[in-house]
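A quick write-up on the structure given underneath.
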Amino acid sequence: MTVYTVPTSVEVQPIVRAAGVHKSFGDKHILTGVDLEVDRGEVVVLVGPSGAGKTTFLRTLNRLESIDSGEIEVNGQRIGQRANPRGRLVELSPRDLAQQRADIGFVFQHFNLFPHMTVLENIWHAPVHVKHERKADAVGYARELLVRVGLADKADARPRSLSGGQQQRVAIARALAMRPALMLFDEPTSALDPEMVGEVLAVMRDLADAGMTMIVVSHEMGFTREVADRVIVMDDGRIIESGEPDQVFTAPRHERTRQFLSKVL
């Protein structure tokens, strides 16, 4: 059986580069000049108070949210834009944007599975219809991924028959089916009952151990401390602190970080 392997590259440039990212909704400035680089194989966890801009920033990385200024590159490609023959930036067509997103897996708070499809169909659908893989290959890989997330016996089930933890594991398998170079997780356990959190975090630990590049918004501080290579603390639309988990959790440099951690640890 072929196991999931992380796409590799000889390039040494960061897989993610965000520079001067600003985003507003109406007169509310959500992101105020975010700069971040993420290396290939790195696990970065974004933490901070509600309203800090974590989820909005995550959604800009695959253009689920547009940005007002700045630039974002993933795998060396500017996300959502290209230069026209005159050198001016124009928005990508929906088709071209979909091709960019194919390289970026996204796991949401809520599972967003197709209710009319079986678990297996949910997983192989995008590789066939977006990446134009042969159906037989996509189905075979989908079954391998179900083994990977511990749900091989649920291939023919409908999402509504699964627990929340099981649905989220299917959502992770669905994202992995596109063989992404980068995985984004937006508080993937926040909608789960406490007893189901561990099974999802176990799959994420497995991905981290396999070398998957991951950016995670999470309030799970134990998981963050165990798995993250780097913790990014956001507040009021900007990054206020960045460091290894032990440094951030035991000796934070910023007073706002200390205030936040005093309430969650």
Side-chain angles (χ1 to χ4, degrees), residues 1-11 15-16 40-41 58-59 61-64 74-77 79-80 92-186 188 199-200 202-216:
M1 179 184 71
T2 304
V3 298
Y4 178 79
T5 55
V6 175
T8 58
S9 171
V10 297
E11 298 177 6
I15 191 171
V16 175
R40 202 171 299 274
L58 197 74
R59 289 170 64 88
L61 295 179
N62 73 341
R63 208 65 170 188
L64 286 174
V74 176
N75 256 350
Q77 294 189 59
I79 296 299
L92 291 182
S93 69
R95 180 177 179 178
D96 289 341
L97 181 57
Q99 290 299 318
Q100 282 191 336
R101 286 177 176 155
D103 207 30
I104 307 169
F106 201 116
V107 178
F108 300 85
Q109 295 180 31
H110 300 283
F111 326 118
N112 295 342
L113 300 175
F114 296 119
H116 61 287
M117 294 183 180
T118 66
V119 164
L120 191 67
E121 289 168 341
N122 265 277
I123 297 171
W124 64 252
H125 184 267
V128 170
H129 294 282
V130 176
K131 298 187 77 172
H132 308 295
E133 293 185 14
R134 292 178 62 249
K135 182 178 176 181
D137 294 338
V139 170
Y141 190 47
R143 291 190 183 279
E144 293 174 15
L145 289 171
L146 283 174
V147 172
R148 180 73 180 267
V149 300
L151 293 172
D153 60 334
K154 301 296 184 181
D156 297 324
R158 300 284 179 176
R160 65 178 176 271
S161 71
L162 305 181
S163 70
Q166 289 171 331
Q167 289 187 62
Q168 193 62 295
R169 284 187 279 160
V170 173
I172 293 172
R174 181 179 62 180
L176 291 174
M178 298 293 281
R179 305 177 193 267
L182 170 68
M183 284 285 288
L184 307 176
F185 294 85
D186 182 18
E199 62 193 51
V200 173
V203 173
M204 295 173 66
R205 288 187 187 95
D206 182 53
L207 290 177
D209 290 343
M212 169 60 73
T213 309
M214 299 163 57
I215 304 177
V216 184

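Count residues from 1 along the sequence. Below, all heavy atoms of this structure are taken into account, side chains as well, without hydrogens, waters or symmetry copies.
- Counting heavy atoms from C-beta outward, Arg59 and Phe108 have side chains that approach closer than 4.5 Å.
- Without hydrogens or angle criteria, Gln168 side chain to Pro188 main chain gives a donor-acceptor distance under 3.5 Å.
- Atom CZ of Phe114 and atom CZ of Arg174 lie 6.0 Å apart (nearest 0.5 Å).
- Checked by atom type and distance alone, the side chain of Arg40 never pairs as donor or acceptor with a backbone atom of Ile15 at under 3.5 Å.
- The CG atom of Asp186 sits 12.0 Å away from atom CD1 of Ile215, with the distance rounded to the nearest 0.5 Å.
- Phe106 contributes atom CZ, which lies 10.0 Å from atom CG of Leu182 (distance to the nearest 0.5 angstrom).
- For the pair Arg158 and Pro115, the tightest heavy-atom approach, listed with the atom from each and the gap, is CD-O, 4.0 Å.
- Contact check for Lys154 versus Val170: no side-chain heavy atoms found under the 4.5 Å cut-off.
- Looking at heavy atoms from C-beta onward, Arg179 lies in side-chain contact with Glu133 at the 4.5 angstrom threshold.
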Applying side chain to side chain contact (heavy atoms under 4.5 Å, CB included), run through Thr213 and Met183 and close with a yes or a no.
CA-CA 6 Å; Thr213 309; Met183 284 285 288; over 6 Å; no

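- Rounding to the nearest 0.5 angstrom, the gap separating the CZ atom in Arg63 from the CD1 atom in Ile104 is 11.5 Å.
- No side-chain heavy atom of Gln100 sits less than 4.5 Å from a side-chain heavy atom of Val74.
- Phe185 places a side-chain heavy atom less than 4.5 Å from the side chain of Leu207.
- Within the 4.5 Å cutoff, the side chain of Met212 has heavy atoms near those of the Leu176 side chain.
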Are Leu120 and Val139 close enough, and set up right, to give a side chain to side chain contact (heavy atoms under 4.5 Å, CB included), and what steps lead you there?
CA-CA 7 Å; Leu120 191 67; Val139 170; 4.0 Å; yes

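- Gln99 is listed as a side-chain neighbour of Val130, based on a closest heavy-atom distance under 4.5 Å.
- The two residues Arg101 and Asn62 have their closest heavy-atom pair at NE-O, 2.8 Å.
- At distances below 3.5 Å, not a single donor-acceptor pair connects side-chain atoms of Arg143 with backbone N or O atoms of Ala152.
- The nearest pair of heavy atoms linking Ala175 to Gly105 is CB-CA, 4.1 Å.
- Between atom CG of residue Leu146 and atom CD1 of residue Ile123 there is a gap of 3.5 Å, rounded to the nearest 0.5 Å.
- Between Pro127 and Ala138 the shortest heavy-atom distance is CB-CB, 4.2 Å.
- Side-chain contact between Leu162 and Val119 is present, with at least one heavy-atom pair separated by less than 4.5 Å.
- Rounding to the nearest 0.5 Å places CG of Asp156 at 8.5 Å from CD of Glu121.
- Looking at every heavy atom in both residues, Ala208 comes nearest to Met214 through N-SD, 3.8 Å.
- When all heavy atoms are compared, the tightest approach of Gly150 to Arg169 is O-NH1, 3.7 Å.
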